[in-house]
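To keep things clear, I will list the structure first and then write my remarks on it.
The figures that follow rest on heavy atoms only: side chains count, while hydrogens, waters and symmetry mates do not.
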Amino acid sequence: MTRDNNNKNSKLKELLEQIDNLEEENAHLKRKKKYGLVWDLPKENKLNELEDNIVLLSEVKKRSIHSDKFLPWNYVLEGDNLHSLSILNHTHSKKIDVIYIDPPYNTGEGEKWAYNNNIVEKDDGYRHSKWISMMDTRLKASRRLLKEDGVLICAIDDQELPRLLLLLEDNFRGYSITTVPVRHNPSGRQYNVLSTVHEYAIFVVPNIPKYTEKNSLQIRKDINATKEEIAENFKNASDEEISKFIKKYLPDEEIDVRSLRNSNRLDHPENPGKRAVGKSTTFYPFIIEDNKIIGIGDVCEHNFHPGKRTIKKGTRYYIYPIDAHGNERKWLWNKEKAEKDLDLLIVKKKGKDSFDIHRVKEYVLPKSLFLKSKYSAREHGTKLLKKIFPESSKVFDYSKSLYLVKDCISLFIKDKKDALVLDFFAGSGTTAHAVLEMNQDDNGLRRSIMCSTNDEKEPIAEKYTYKRIERVISGYKDGKKDVPGIKANLKYFKTELHPSPRTDGMKSLIAKKMADTICFENDTFKRTIKDKEFLIFEGSNHSIGIIFDELKVDKFLKEISKSSAEFKVYFMSFTAEGFFDELNLNPNIIECRTIPVPLMNSINRIYRDLKE
């Protein structure tokens, strides 16, 4: 009897354990997503390192390039990009205008990327899960860096496109996501049954009026420059012949030529195509001679009806907005605008003694296919790198076309000359090069932050990212031809992990190591005072002071009273609150902050957010 009871109790215990396990599994399933991308994989080591450590920056001063005191600083951050993104969340939250990234495509062929310090090979059964986990943490970490109108642009191919789109939808809610095929390899590459010539640029754009209003991303085309360049080779060519040549032989220019005559339905409810009743400011003749517009006639009286499109008077032709069926229509422009933008109009011959007026669209919307020959990764990526690094037998095989990156980021910062651009898969430094070229084109002051790694096998940050930017700044040789440098300033930092301080003494030590991080945050590096108790750095917008001893505040205030500059002051405190009464009374001081507790809290917060 006792034995039977024991067996029953044992079975009951097993059953209860099974019930507990099922309840735990059920609770786990309830917590998981009901829709979207789901994967099971332990968090990577680089994230786990943030649980008990904080990230600081340390400048490598020998790599500083200062070519012009009036230009802003560009940066290379060496270290794992998750650590770089963590410190950027503290120093540059909501400060980035554009993020452009070209992450590993996870093809398992040629490219090398690591997960938990191990190279992920093609036959790794968890290859996709590892890639998803790696990208998810970095996309989450980058999200808070963007300004309200900030944009993320991500390059990818078919290998991980479906999973990346789901990740982006999950991490960037409130953004529109547009996938644009890019012809980056015109000669093609065997992939499954087809020869692949394309990859993708994914644009992640906030749903705000700046971008949702119609035609918000119109690009102004330099029509005159194009026409003048072609006309040099066709001295006696008409505008029409030049435009035909451009469209036939230079499709990259994508010049849009359309009739100036309104082609809407005559009875269109909002914008009818017919001539308006009364004296219409859009019904007048263009005067043509020798296939050129030589003038614009007066606006016609309401009772004047020319009867046909073209009226000949001697050697001149008067062209009215009348269609092939004899309907009196109207020009899209009134006479005042036509006179103002006469250079955008060309004559189109329709037959003997018959002409029409066409307009070259001054603005075009970017198309959802990027097909330009200058987007070839081989011609304008790999070959360009070989020119910049002639001493290297092998350079990046997967470098983007400089012109592709430049055109992608230009869509959003062409008119923003002080924009800040981030690339946290910087690799060969194409994004930084593109930013420098944009500045050269329009005397802009745009800046870039490039996050790149150095590992035991390949010092990418040092050997490629930094070196490319250095040579673009100083100039390099293309064979026997000199490629002049682009003036710019550059700083190089390493990310460092430090144990999270638990005691006041440890916090004090961390605070004294924060100077480089604070200087990076403020773009301010010229040290004017170095004291055991405080530091002062002079900047172009404001100066900064770092106080390590509250007993030396009077001495610090006396020192800054000699300057007319505005100051941001960082004050060592063992809590997140500071005692700034005396500092806030000083008219030179515009802001006070404590160190190092806010930095510790910031790194801890990003860790908590990413581990969920």
Side-chain angles (χ1 to χ4, degrees), residues 31-33 36-55 57 77-94 96 99-106 111-120 124 126-146 150 152-156 159-173 175 177 202 204 422-427 449-453 455 460-461 495-497 500 599-612:
R31 288 195 300 269
K32 292 180 76 169
K33 296 179 185 176
L37 195 59
V38 179
W39 70 99
D40 278 317
L41 199 68
K43 292 297 182 183
E44 62 176 302
N45 292 343
K46 296 301 180 184
L47 175 58
N48 291 334
E49 287 173 347
L50 298 178
E51 182 176 10
D52 297 310
N53 294 282
I54 63 169
V55 184
L57 295 176
L77 305 188
E78 175 198 317
D80 187 88
N81 56 6
L82 185 56
H83 295 166
S84 296
L85 289 168
S86 299
I87 190 65
L88 285 169
N89 266 267
H90 178 74
T91 61
H92 286 74
S93 177
K94 301 188 186 310
I96 306 296
I99 297 175
Y100 182 95
I101 55 172
D102 181 16
Y105 286 5
N106 201 22
E111 63 174 4
K112 298 291 183 183
W113 69 279
Y115 188 86
N116 287 349
N117 301 319
N118 294 314
I119 298 296
V120 179
D124 188 328
Y126 289 93
R127 178 161 59 94
H128 293 296
S129 292
K130 290 177 179 179
W131 188 90
I132 293 166
S133 184
M134 180 272 294
M135 287 297 295
D136 184 56
T137 53
R138 285 151 181 81
L139 290 172
K140 276 186 170 70
S142 69
R143 184 177 52 198
R144 286 199 187 100
L145 301 178
L146 289 170
L152 169 72
I153 306 168
C154 184
I156 200 68
Q159 194 76 22
E160 294 290 358
L161 176 67
R163 286 161 285 280
L164 178 59
L165 288 174
L166 287 171
L167 279 177
L168 291 171
E169 285 179 3
D170 190 39
N171 284 298
F172 289 87
R173 295 174 186 180
Y175 288 69
I177 300 172
I202 303 177
V204 184
L422 170 67
D423 184 346
F424 54 88
F425 286 100
I449 300 175
M450 301 292 105
C451 304
S452 192
T453 59
D455 56 40
I460 295 171
T495 59
E496 293 181 346
L497 287 177
S500 296
L599 171 64
M600 294 162 51
N601 292 343
S602 181
I603 299 295
N604 186 255
R605 183 173 59 251
I606 192 72
Y607 167 74
R608 291 197 311 271
D609 290 348
L610 296 181
K611 77 173 183 177
E612 291 178 357

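When the side chain to side chain donor-acceptor pair (under 3.5 Å) test is applied to H90, no partner is found at least two apart in sequence or on another chain. By the ring-ring contact (aromatic ring centres under 6.0 Å, His included) test, Y607 pairs with no residue at all, sequence neighbours left out. For D423, the salt bridge (Lys or Arg N to Asp or Glu O under 4.0 Å) criterion is met by no residue, not counting sequence neighbours. D609 pairs by the side chain to side chain donor-acceptor pair (under 3.5 Å) definition with R144, not counting sequence neighbours. For T453, the side-chain contact (heavy atoms from CB on, under 4.5 Å) test picks out I460, with sequence neighbours left out. Listed by chain and residue number, F520 satisfy the ring-ring contact (aromatic ring centres under 6.0 Å, His included) test with H92 (two or more places apart in sequence, or in another chain). Take N171 and apply the side chain to side chain donor-acceptor pair (under 3.5 Å) test, not counting sequence neighbours, and it matches D136, K140. In this structure F425 satisfies the ring-ring contact (aromatic ring centres under 6.0 Å, His included) test with no other residue, sequence neighbours excluded. In terms of the side chain to side chain donor-acceptor pair (under 3.5 Å) criterion, S86 has no residue partners (sequence neighbours excluded). In terms of the side-chain contact (heavy atoms from CB on, under 4.5 Å) criterion, residue partners of N48 (sequence neighbours excluded) are, by chain and number, K43, N45. In this structure, the salt bridge (Lys or Arg N to Asp or Glu O under 4.0 Å) partners of E160, at least two apart in sequence or on a different chain, are R163.
Using a 4.5 Å heavy-atom threshold, the side chains of H128 and W131 count as separate. For the pair H83 and E49, the minimum side-chain heavy-atom distance is below 4.5 Å. Considering only heavy atoms from C-beta on, L88 comes within 4.5 Å of C451 through its side chain. Y175 places none of its side-chain heavy atoms less than 4.5 Å from the side chain of L152. Between L497 and V55 there is a side-chain heavy-atom pair separated by less than 4.5 Å. Considering only heavy atoms from C-beta on, L599 comes within 4.5 Å of I87 through its side chain. Side-chain contact between L85 and L422 is present, with heavy atoms from C-beta onward closer than 4.5 Å.
Distance check: E496 CD to I54 CD1 gives 10.5 Å after rounding to the nearest 0.5 Å. Separating the CD1 atom in I606 from the CG atom in L50 is a distance of 8.5 Å, to the nearest 0.5 Å. Here the CD atom belonging to E44 is positioned 4.5 Å from the OG1 atom belonging to T137, to the nearest 0.5 angstrom. The distance from atom CD1 of I449 to atom OG of S84, rounded to the nearest 0.5 Å, is 10.0 Å. To the nearest 0.5 angstrom, C154 atom SG is 8.0 Å from D102 atom CG. Rounding to the nearest 0.5 Å places CG of L139 at 9.0 Å from CD1 of I99.
Of all the heavy atoms in R138 and K46, the pair that sits closest is NH2-CB, 4.4 Å. Closest approach of L145 and A141 over heavy atoms only: CG-O, 4.0 Å. Minimum heavy-atom separation, T495 to D80: OG1-N, 4.3 Å.
Paired with I156 under the rule side-chain contact (heavy atoms from CB on, under 4.5 Å), one option of N106, L161, L165 passes, and it is L161.
Side chains of R605 and N601: no donor on one and acceptor on the other come within 3.5 Å.
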